[in-house]
S.K.: 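What follows is a structure written as structure tokens; I'll ask about it next.
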Amino acid sequence: MLDVATGTGVIALAALEKYPNSTIHAVDFSDRMLTEAASKPGASAIRWQHADANDLPFGDEFFDAVTHGYLLRNVDDVERVLAEQYRVLKRGGRVVILETCPPQGLLRYPVTLGVRVLIPLLGQVVARDRESYAYLQKSTLGFMTPEEVVAILRRVGFASIAWKKKFFGTHMIISAEKQ
Ligand SMILES: C[S@@+](CC[C@H](N)C(=O)[O-])C[C@H]1O[C@@H](n2cnc3c(N)ncnc32)[C@H](O)[C@@H]1O
């Protein structure tokens, strides 16, 4: 499998723990992140590599599965990035996406207020970095809804798409298959 925008490798390492016999590639365009990921316990079993999600250095139909967490809200062209993942997946392979999304429905106003107040406050008190956490707050509330991401996945060619929301409607997990 391939974990794109692996950061410190949390998803790649969790996948390895669950599927110890699998071959896992993990890519990110930040060398600092990759260095930190590669220094974690158990990390030597994973193939860490510098790569941009817009232009993956793998052949067509190479992977059984692709994962990524918190990638899409950081890229300029979501459709291009998902098309690239479609290209490297084998037929019958799946992509699983973890991403933030704006809360909707009844939860919209209380959760929006909570995110606006709590995230920058936590950033200041815990990480002493209010600005980065203000960005996190803005990108969480400003990103696409699951329906919008699903529409792009369909345009790219994915089928059998399913999604669910988590954490008071502020996160989504979407899976889709290349048929
Ligand atoms: C918020 S971190 C998430 C890390 C990890 N997926 C996780 O869930 O813990 C976002 C990561 O995406 C990477 N990233 C953003 N745009 C990228 C791109 N175009 N190509 C590769 N990596 C990218 C950043 O370097 C960063 O490590």
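Order of appearance sets the numbers: ligands from 1, and atoms from 1 within every ligand.
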S.K.: Of all heavy-atom pairs between Lys40 and Thr8, which one has the smallest distance, and what is that distance?
M.R.: NZ-O, 2.9 Å

S.K.: Apart from Leu16 itself, what residues make up its hydrophobic cluster, given side-chain heavy atom links below 4.5 Å?
M.R.: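 Reading the cluster by chain and number, Leu16 sits alongside Met1, Leu13, Ile24, Leu34, Ile46, Trp48.
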
S.K.: Starting from the N and O atoms of ligand 1, collect every protein N/O partner closer than 3.5 Å and put each pair on its own line with the distance to 0.1 Å.
M.R.:
unit_1   : atom_1 : unit_2 : atom_2 : d
ligand 1 : 6 (N)  : Ala5   : O      : 2.8
ligand 1 : 6 (N)  : Gly69  : O      : 2.9
ligand 1 : 19 (N) : Asp52  : OD1    : 3.0
ligand 1 : 20 (N) : Ala53  : N      : 2.9
ligand 1 : 22 (N) : Phe29  : N      : 3.3
ligand 1 : 25 (O) : Asp28  : OD1    : 2.6
ligand 1 : 27 (O) : Asp28  : OD1    : 3.4
ligand 1 : 27 (O) : Asp28  : OD2    : 2.7

S.K.: What residues join Tyr19 in its hydrophobic cluster, counting side-chain heavy atom gaps under 4.5 Å, either direct or through other members?
M.R.: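 Besides Tyr19, the cluster holds no residue at all.
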
S.K.: Given the rule in the side-chain hydrogen bond (donor to acceptor under 3.5 Å, both in side chains) test, do His68 and Glu99 qualify, once you have shown the distances and angles that lead to the verdict?
M.R.: CA-CA 8 Å; His68 48 95; Glu99 195 47 84; 5.6 Å; no

S.K.: Could you give the side-chain donor-acceptor pairs of residues 49-66 under 3.5 Å, partners two or more places apart or in another chain?
M.R.:
unit_1 : atom_1 : unit_2 : atom_2 : d
His50  : ND1    : Asp31  : OD1    : 2.8
Asp52  : OD1    : Asn54  : N      : 2.8
Asp52  : OD1    : Asn54  : ND2    : 2.9
Asp60  : OD1    : Arg87  : NH1    : 2.8
Glu61  : OE2    : Lys178 : NZ     : 3.3
Asp64  : OD1    : Lys90  : NZ     : 3.3

S.K.: I'd like to know whether Tyr70 forms a ring-ring contact (aromatic ring centres under 6.0 Å, His included) with His171, so could you lay out the CA-CA distance, the side-chain angles of the two residues, the decisive distance to 0.1 Å, and finally the verdict.
M.R.: CA-CA 10 Å; Tyr70 310 115; His171 285 65; 5.8 Å; yes

